Every structure is written in C-alpha cells, then in structure tokens.
Trainee: 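Structure in structure tokens, see below.
Because the structure is predicted, anything quoted here is derived from the model rather than measured. Below, chain A is the first sequence line, B the second, and so on; all start at residue 1.
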Amino acid sequence: NAGVTQTPKFQVLKTGQSMTLQCAQDMNHEYMSWYRQDPGMGLRLIHYSVGAGITDQGEVPNGYNVSRSTTEDFPLRLLSAAPSQTSVYFCASSYGTGDTDTQYFGPGTRLTVL
Amino acid sequence: AQSVTQLDSHVSVSEGTPVLLRCNYSSSYSPSLFWYVQHPNKGLQLLLKYTSAATLVKGINGFEAEFKKSETSFHLTKPSAHMSDAAEYFCVVSAFSGGYQKVTFGTGTKLQVIP
C-alpha cells in the first residue's frame with residue numbers, strides 16, 4: 001500500500017491564483033481530512049469528509065473548497081490564493097470516524113503564496 | 001469544548017538521559033489521546049495512542065505515555081534519549097462529538113538531543 005499520497009510536494013503561487021492540492025489513499029478509509037500547519041499553532045482542521053459525497057467544514061475553512069467524488073480522492077482547492085494561505089498542508093485518512101481510529105498522514109505540501 | 005496544551009514548546013536533553021514531554025487536555029467526552037512525531041521536513045508518524053484500555057501505553061522507539069484522568073494529563077516519556085529522537089512531537093485529543101470525529105492538536109514540542 002502507498003498509504004496517503006499528496007501532490008505536489010512544493011508549490012509557489014502568486015496572490016489571486018487558484019490551484020488544487022491532490023490527496024489520495026489506497027486503504028479504503030472512509031474518513032479523510034485536510035489540515036494546515038503553521039509555526040506555533042499545531043495542525044488546524046480545514047475540511048473533512050466522512051465518506052464519498054459528504055464533506056463538512058473544520059476549524060479554518062475560509063478560502064478553501066473540497067469535494068469527495070470517490071473514496072480514494074479528496075482534493076483541496078484554493079480559489080484565489082492569499083499570502084495568509086502560505087503554510088504546510090497535510091491530508092489524513094482513517095478507517096472510520098470513531099475517536100479510536102488512528103489518522104494516517106500524507107507527507108505534506110509546502111505552499112508559498114507571494 | 002476540547003483543547004490540548006503542550007506545556008513546553010522546546011525541550012533539550014542530553015543523549016542517554018530521560019525524556020519528558022508534557023501534555024494536558026480537556027474534553028467534554030471520554031477522549032482518545034495520541035502522540036505523533038514529525039521529523040524535519042517529514043509527515044506525521046503515530047508514536048502511540050490511548051483508547052480507554054491500559055492507562056500506560058507503550059509506543060514505538062521506546063516511548064511510552066501514561067493517561068492520568070485525575071490530572072487530565074498524557075505525558076510522553078522515554079528512559080534514554082537517542083540522537084534520532086530529535087523531532088517535533090504533537091499531543092492530540094480525539095472525541096466523537098456532534099456526529100463527527102473532533103480532533104485537536106497541541107501546538108507541538110520540539111525536542112533537541114545534545115550529543
């Protein structure tokens with residue numbers, strides 16, 4: 001199993017540009033989520049999905065969109081990038097939505113918005 | 001409400017000496033607790049998790065943590081630090097609430113190991 005994969009690993013955008021961060025998992029996990037990691041703030045939940053066709057907002061959803069058309073894929077879209085979105089983004093998945101389920105993380109995407 | 005407090009943003013130890021990384025939590029429900037490690041420019045790796053079974057949890061690489069409900073703590077320890085332990089460590093609380101798994105990360109503790 002490849003686990004959780006993310007592309008790209010690095011990206012530089014100009015303010016106002018749009019892009020999609022890709023996330024895929026091959027573990028047949030129902031629960032997937034996106035986090036951003038900023039220095040001194042830990043990881044903050046952006047959006048999550050409890051299954052194909054079902055998404056919801058997390059702690060910091062503004063400026064981001066998601067969709068979940070398949071179990072495997074959970075892309076994160078930035079519609080109009082802003083410097084405040086400069087961060088490291090992690091995708092995670094888990095088997096279920098129970099609180100004992102371990103989340104598996106992708107390697108991250110480092111995004112810089114100029 | 002749910003929160004996690006990692007009491008030290010940086011911890012420095014000498015190689016071969018014990019490691020203690022402190023974590024306190026609050027949760028309105030019976031939570032599960034996790035410790036993750038992140039090496040520089042890498043993703044997050046699960047060290048161990050507590051899920052209401054034994055209160056002393058053993059993880060990978062010689063780490064362990066003890067769940068103390070009365071103190072709402074879940075401190076991470078290791079008897080003898082190794083150079084490869086230098087990384088950032090995150091304490092995480094998770095509880096199923098309002099129809100979804102609410103996961104809250106601490107702000108992280110950077111562990112420095114001095115040769």
Side-chain angles (χ1 to χ4, degrees), chain A residues 2-7 9-10 21 23 25 27 29-51 54-61 66 68 87-111, chain B residues 1-10 21 23 25 27-54 57 59-60 67 74 87-110:
Chain A
V4 181
T5 58
Q6 291 182 239
T7 56
K9 289 188 177 180
F10 301 93
L21 308 185
C23 173
Q25 52 90 10
M27 298 174 282
H29 285 171
E30 290 294 327
Y31 188 90
M32 296 186 73
S33 52
W34 276 102
Y35 294 88
R36 59 177 289 173
Q37 182 181 30
D38 302 292
M41 302 187 75
L43 275 74
R44 292 180 293 168
L45 182 65
I46 304 171
H47 286 285
Y48 66 96
S49 168
V50 299
I54 307 169
T55 64
D56 208 343
Q57 297 180 350
E59 182 184 356
V60 287
V66 293
R68 184 99 178 268
S87 187
V88 181
Y89 291 85
F90 288 99
C91 178
S93 73
S94 62
Y95 180 72
T97 56
D99 55 9
T100 61
D101 286 303
T102 299
Q103 291 198 76
Y104 295 87
F105 287 85
T109 295
R110 187 174 295 273
L111 175 67
Chain B
Q2 180 171 289
S3 67
V4 179
T5 302
Q6 291 185 241
L7 296 158
D8 306 292
S9 58
H10 290 84
L21 304 183
C23 172
Y25 72 93
S27 177
S28 302
Y29 304 89
S30 296
S32 292
L33 295 158
F34 304 77
W35 276 98
Y36 284 85
V37 60
Q38 184 180 30
H39 287 91
N41 300 313
K42 299 290 187 182
L44 287 91
Q45 179 184 17
L46 179 69
L47 271 181
L48 50 82
K49 68 177 182 180
Y50 165 78
T51 57
S52 76
V57 183
I60 62 172
F67 174 71
F74 190 56
E88 190 163 19
Y89 294 79
F90 292 93
C91 182
V92 181
V93 61
S94 174
F96 195 67
S97 164
Y100 74 99
Q101 182 188 15
K102 182 170 175 56
V103 178
T104 303
F105 279 75
T107 53
T109 298
K110 287 187 178 177

Trainee: Any side-chain heavy-atom pair from B:Tyr36 and A:Gln103 closer than 4.5 angstrom?
Mentor: yes

Trainee: Tell me the closest heavy-atom pair linking B:Lys42 and A:Phe90, and the distance in Å.
Mentor: O-CZ, 4.1 Å

Trainee: Report which part of A:Gln6 has an atom under 4.5 Å of a heavy atom belonging to chain B: side chain, backbone, both, or neither.
Mentor: neither

Trainee: If you count heavy atoms of other groups shown closer than 6.0 angstrom to CZ of A:Arg44, is the number above 12?
Mentor: yes

Trainee: Relative to chain A, which segment of B:Gln45 carries a heavy atom at a distance below 4.5 Å: side chain, backbone, both, or neither?
Mentor: neither

Trainee: Enter the distance from B:Leu48:CG to A:Thr102:OG1 here, rounded to the nearest 0.5 Å.
Mentor: 10.0 Å

Trainee: Going through the checks in order, is the side-chain contact (heavy atoms from CB on, under 4.5 Å) test met by B:Val103 and A:Tyr35?
Mentor: CA-CA 11 Å; B:Val103 178; A:Tyr35 294 88; 3.6 Å; yes

Trainee: Atom CZ of residue position B:Phe105 - does it have more than 12 heavy atoms of other residues, nucleotides or ligands inside 6.0 Å?
Mentor: yes

Trainee: With rounding to the nearest 0.5 angstrom, report the CD to OG1 distance, A:Glu59 to B:Thr104.
Mentor: 7.5 Å

Trainee: Is chain A contacted by the side chain of B:Leu46, its backbone, both, or neither, given a heavy-atom distance below 4.5 Å?
Mentor: side chain

